[in-house]
Amino acid sequence: MAAREELIILFDEMGTALELLGANAFKVNANRKVARVLEDMTEDLTPLADDPAALQKFDGIGKSSAVKICEFLTTGRIQDHQALLEQLPDGLLELLNVPGLGPKTIRNLWEHAGVESIADLEQAIADDALGDVPRLGKKTIANIADSIEFMKKAGERMPIGRALPLAERLIEHLHAKGGVGQVEYAGSLRRGRDTVGDINLLATCDDPAGLIEHFQSLDDVDKVLLAGDTKCSLRLGLGMQVDLRVVPTEAFGAALMYFTGSKEHNVTLRERAIKSGMRLNEYGLFPDDGQDTPPQDRGITPAAAATEHDIYAALDIPFHPPELREDRDELDSVPPLVTIEDIKAELHAHTTASDGHLTLKELVVEAKRRGFHTLAVTDHSRSSVQANGLDDDRLRRHIEAIREIDAATKGIRVLAGSEVDIHADGSLDYDDQLLAELDIVVASPHASLKQDPAKATARLLAAIAHPLVHIIGHPTGRIIGRRAGLSPDLHALIEAALEHDTVLEINANPQRLDLRDIHVRAATDAGCLLAINTDAHTDTHFDFLRYGVLTARRGRLGPEQCINCWPAKRLHAWVASKR
DNA sequence: GCCGTTTTCGGCCCGACTGTTTTCAGTCG
C-alpha cells in the first residue's frame, strides 16, 4: 500500500479513537479532515518526508498533523496513533460501522456491559445482558441486532452505473402518484461519484404524507428504517438504502443544495453565509437575527430558497455544478466544464471483428445516429486472445473494410484504429510498420495489472513516448470494486503526455471510470489533453458517455482540453500529426 | 487540531427523527 493510503487510514483511526475516548469533537473532525485532504492528493509524498512546512500549505493540515505525516514517512509509524489505539480494545473501532451506533453508545456499552467488539455485542444481545446499560431500551437493542444482521449481507458501495438507473426507476415510481411536482436525486449520485453508498431523493408534493406512504409501497422493500411527516428511509432487498424527503416547492433549491452536499461544501457555504450576516439551512438563506428558533418557523422570508442558482447568487459565489461540490477548491471561480452535448467524437469502440456485438456497419450507423462527426474503430490486438484480438493479416483486412465504409458514408469520418495491448515491458502488440498503417492508435494495458508501481510507470511511459500512439486507454486498468489496477507515478505520466502530445483517456464504462476524478484533475491542471471514450461494445454502451462526462467534470475538465469536443478539422489534423 | 481581509485566542453548521425520557441525548446526513 502506498504511504498516502496508509496515512488516510491512520488519520481516520486517530479521529475515531479520539471520538470513542470522548475527545473534543473539533479535534476529532480535524483528524478526519486531514484524512480527506490526503484522499484528494495525487502528489508523491516521499520527497516531503523532512519538509513539514510544505505539507502545511494544504488547507486542513496544520503543524501537528504535518509533523505526524513526516514521522510516518520517515519511520513508517505514528507514535500518537499507536498510543491512542492502545487505550482501546482492538474490536471497539469496528463497532462504529454498525448503523445506529455512535461513539456515545459504544462507550456506554463498553463501560457498562464490557462490550469490546461486534462479536461481544452479538453475544450480549443473545444473553439478554444489556439490561443495565443506561439509555438503552428494548427497541434500540432490537434495532442494533437488525443492523448487525444487515451489515453481514450488505455489499460494498454501489457503482454509479447501477445506482443511477436505479434512482431513475425510483423517481418514475414516485411520479406514478398524483400531485407530485419535482423529483430529483441528490447526494453523491448527483455529484457524480464513481460509487454511492445510498440514494437520496427529493420531491415536492401537495400530499406529503400520501407520498411517504406511496414510497413504502415499492417492490423489494426490506425494511422501513424510519417514516416521519416529511422524511422516509427504506432499505431495499439488494442492500441499498434509499432516503426520501418531501419539501415545500418554494424551498426546493435550498433542500436540493443541502441534500446534494457534499457535507464539507455545505459547511463551507454556511460559514460563508455567517460571515455575510446570514444563516443557511435546507429551507433557505435567511438574514441572521441572532435568535435560536429556526427562521422558517417564525415566518421569516428567506433571501433565497427556490433554486440553487438563487442561493449561490445571494451568497455572491458563482454557481457550482454538483460535480464541483467536494470542497476541494476555493469558491471564487468555476471553470467552464465539458458537457455531454460538447462531445462530437467517439475514439474507442469495438466491432464483431474482435469482441464487440455490432458489425462495423452497425457501429458506424449508431455513431452517426448519435451525432458524432468522427468514429475511431479500435478493435483488440492479437495478444488479447480472450477478446478475439486481430492478428496482422486480419487487422490489414479490417483496415481495408474501414477505409471502404468511410469512403461510402457521408456525414461521419470513420478512422481505422486499434486498441493495442501495452505489454508488461512497455512494448506494443504490433510492429511499427503496421501501427503506421492505422489512422489512430489507442494503447491500453490489459494484462499484468498487479505490477509494482515502478514497473507500471516505466511501462506506461514507454507507450506515451511512442511516436505512433495517440491515446492511452484506461491507463490504470482498474475495475471498480474488483481490481485495483496499476498505481503508476501519475505526475510522471502527465509530464510525459505533455511532452509527447499524447492523450490520456477517461474510459466512461462505469465499471472502469479510468482515469478517475482526481487523476483527471491533476492532468487538467497540468494542461494535458484528455479523451472521454465509451469503449462501446454494443449500441447501449454509447450511453456510458454520461458517466465519463461526470468524472471529467469532477476533474474540472473543460471542452478545450478534451479532444472529443474539438471540431472535426482540428481533431483530424491532430490525429494526422502523429503519422 | 485548525485557522485568521476585524482574531495568534476563541471560535468551529444545522435540522429531522427515534427512543428513552418527562425535557432531551444520540445518530444521521
Side-chain angles (χ1 to χ4, degrees), chain A residues 11 14-15 18-19 22-37 55-69 80 84 95-109 133-144 146-147 186-189 191 196-202 208 212 224-233 241-247 251 254-255 257-286 288 292-297 327 332:
Chain A
F11 275 94
M14 285 193 282
L18 286 164
E19 193 171 32
N24 178 314
F26 298 107
K27 190 170 166 178
V28 173
N29 273 338
N31 276 278
R32 298 241 166 90
K33 165 121 194 197
V34 173
R36 227 173 45 241
V37 171
L55 287 162
Q56 277 181 256
K57 297 231 162 60
F58 292 91
D59 191 43
I61 299 181
K63 192 173 176 201
S64 158
S65 295
V67 168
K68 288 193 183 88
I69 292 171
D80 279 7
L84 273 173
L95 279 164
L96 271 171
N97 296 327
V98 179
L101 278 191
K104 300 274 168 50
T105 312
I106 291 170
R107 213 181 143 84
N108 211 2
L109 284 164
V133 181
R135 293 197 64 85
L136 201 69
K138 280 195 168 53
K139 278 199 157 175
T140 303
I141 292 171
N143 282 338
I144 291 170
D146 183 71
S147 289
S188 57
L189 182 59
R191 298 199 310 277
V196 305
D198 57 13
I199 292 176
N200 301 279
L201 300 173
L202 218 59
I212 297 283
V224 178
L225 297 170
L226 62 89
D229 295 338
T230 62
K231 181 177 173 178
C232 180
S233 289
Q241 182 173 325
V242 188
D243 299 334
L244 170 68
R245 294 290 283 249
V246 188
V247 303
M257 214 158 126
Y258 179 77
F259 289 106
T260 296
S262 65
K263 191 175 170 179
E264 292 75 24
H265 182 69
N266 285 346
V267 169
T268 304
L269 289 182
R270 291 214 191 101
E271 286 167 356
R272 183 72 78 98
I274 290 168
K275 276 184 192 152
S276 310
M278 292 186 281
R279 181 167 165 178
L280 179 64
N281 61 29
E282 63 257 54
Y283 295 96
L285 179 68
F286 297 88
D288 188 1
D292 277 348
T293 312
Q296 68 273 10
D297 295 343
D327 203 39
D332 312 312

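Order of the sequence lines sets the chain letters (A, B, ...), proteins ahead of strands, with each chain counted from 1. All of these numbers come straight from a predicted model, not from anything done at the bench.
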> Write down the distance between CG (A:Asn97) and P (B:dC28), rounded to a whole number of angstrom.
11 Å

> Which is more 5' along DNA chain B, the nucleotide nearest A:Pro295 or the one nearest A:Leu226? Just name the residue.
A:Pro295

> Measure from CG on A:Asp332 to P on B:dT5 and round the result to the nearest Å.
12 Å

> Between A:Leu202 and A:Ala255, what is the shortest heavy-atom contact and its length?
CD2-C, 3.5 Å

> For A:Leu18, report the nucleic acid contact type (base, sugar-phosphate, nothing); a contact means any heavy atom under 4.0 Å.
nothing

> In whole angstrom, what separates A:Lys33's NZ from B:dC12's P?
16 Å

> Over how many whole Å does the gap from A:Leu201 atom CG to B:dG29 atom P extend?
15 Å

> I would like to know whether A:Gln241 and A:Leu225 meet side-chain contact (heavy atoms from CB on, under 4.5 Å); could you show each step before the answer?
CA-CA 9 Å; A:Gln241 182 173 325; A:Leu225 297 170; 3.5 Å; yes

> Give A:Ala273 one of three labels, base, sugar-phosphate or nothing, depending on what nucleic acid heavy atoms sit under 4.0 Å from its own.
nothing

> Tabulated below should be each protein N or O lying under 3.5 Å from an N or O of nucleotides 19-24 of chain B; please produce it.
{"from": "B:dG19", "atom 1": "OP1", "to": "A:Asn143", "atom 2": "ND2", "distance (Å)": "3.2"}
{"from": "B:dG19", "atom 1": "O3'", "to": "A:Thr140", "atom 2": "OG1", "distance (Å)": "2.8"}
{"from": "B:dG19", "atom 1": "N2", "to": "A:Arg135", "atom 2": "NH2", "distance (Å)": "2.9"}
{"from": "B:dT20", "atom 1": "OP1", "to": "A:Gly137", "atom 2": "N", "distance (Å)": "2.6"}
{"from": "B:dT20", "atom 1": "OP1", "to": "A:Gly137", "atom 2": "O", "distance (Å)": "3.0"}
{"from": "B:dT20", "atom 1": "OP1", "to": "A:Lys138", "atom 2": "N", "distance (Å)": "3.3"}
{"from": "B:dT20", "atom 1": "OP1", "to": "A:Thr140", "atom 2": "N", "distance (Å)": "3.3"}
{"from": "B:dT20", "atom 1": "OP1", "to": "A:Thr140", "atom 2": "OG1", "distance (Å)": "3.1"}

> Any side-chain heavy-atom pair from A:Asn200 and A:Leu189 closer than 4.5 angstrom?
no

> Quick check: does any side chain N or O of A:Ser147 sit under 3.5 Å from a backbone N or O of A:Val98, one acting as donor and the other as acceptor?
no

> Any side-chain N or O of A:Ser233 under 4.0 Å from OP1/OP2 of B:dT18?
no

> Among B:dC17, B:dG1, B:dC14, which nucleotide sits nearest the side chain of A:Ser65?
B:dG1

> Where the side chain of A:Tyr258 is defined as all heavy atoms beyond and including C-beta, which of B:dG15, B:dC2, B:dG29 is the nearest nucleotide?
B:dG29

> Say you pick atom P in B:dT20 and the same atom in B:dA25; how far apart are they, in whole Å?
16 Å

> By nearest nucleotide on DNA chain B, pick out whichever of A:Pro103 and A:Met278 is the more 5' one.
A:Met278

> Measuring from atom CD1 of A:Ile144 to atom CG of A:Leu101, what distance do you get when rounded to the nearest 0.5 angstrom?
4.5 Å

> Whole-Å distance between B:dT27 C1' and A:Leu101 CG?
10 Å

> Given B:dC14, B:dC17, B:dG1, which nucleotide is nearest the side-chain atoms of A:Asn281?
B:dC14

> Can you tell me how far C1' of B:dC14 sits from OH of A:Tyr283, to the nearest Å?
11 Å

> Take atom C1' in B:dG19 and the same atom in B:dC12, then report the distance between them in whole Å.
29 Å

> Which nucleotide, in any strand shown, forms a Watson-Crick or G-U wobble pair with B:dC14, with both distances under 3.5 Å?
B:dG29

> Among B:dC14, B:dT27, B:dC12, which nucleotide has an atom closest to any side-chain atom of A:Glu271?
B:dC12

> Backbone N or O of A:His265 within a donor-acceptor pair of the A:Ser262 side chain at under 3.5 Å?
yes

> For B:dC2 and B:dT6, measure between their P atoms and round to the nearest Å.
24 Å

> When rounded to the nearest 0.5 angstrom, what is the spacing between CG in A:Leu18 and CZ in A:Phe26?
14.5 Å

> What form does the base of B:dT7 take, syn (within 90° of 0) or anti?
syn

> Can you check the distance between B:dT18 and B:dT23, where both ends of the measurement are the C1' atom (answer in whole Å)?
15 Å

> Of the candidate nucleotides B:dG15, B:dT18, B:dG29, which contains the atom at the shortest distance from the side chain of A:Gln296?
B:dG15

> Roughly, in whole Å, what's the span from CG in A:Asp243 to P in B:dC17?
12 Å

> Check this for me: does any side-chain nitrogen of one of A:Arg272 and A:Asp332 sit under 4.0 Å from a carboxylate oxygen of the other?
yes

> Please give the distance between the C1' atoms of B:dT5 and B:dG1 as a whole number of Å.
24 Å

> Looking at A:Arg32, A:Lys104, A:Lys27, which hits side chain to side chain donor-acceptor pair (under 3.5 Å) with A:Glu19?
A:Arg32

> Where the side chain of A:Arg279 is defined as all heavy atoms beyond and including C-beta, which of B:dT27, B:dG1, B:dG15 is the nearest nucleotide?
B:dG15

> What are the two closest non-hydrogen atoms of A:Val224 and A:Ala227, and how far apart are they?
CG1-CB, 4.1 Å

> Out of B:dC14, B:dG29, B:dA16, which has the shortest distance to the side chain of A:Asn200?
B:dG29

> For A:Lys104, answer base if it contacts any base atom (sugar-phosphate contacts may also be present), sugar-phosphate if it contacts only those atoms, and nothing otherwise; contact means non-hydrogen atoms under 4.0 Å.
sugar-phosphate

> Just checking A:Asn29: base, sugar-phosphate only, or nothing, at a heavy-atom cut-off of under 4.0 Å?
nothing

> What is the separation between atom CZ on A:Arg245 and atom P on B:dG15, rounded to the nearest whole Å?
12 Å

> On a whole-Å scale, what distance lies between the P atoms belonging to B:dT8 and B:dG4?
13 Å

> With sugar-phosphate meaning primed atoms plus P, OP1 and OP2, does A:Gly60 contact a base, only sugar-phosphate, or nothing at under 4.0 Å between heavy atoms?
sugar-phosphate

> To the side chain of A:Glu282, which of B:dA16, B:dC17, B:dT27 is closest?
B:dA16

> With rounding to the closest Å, how many angstrom separate the C1' atoms on B:dT21 and B:dG26?
13 Å

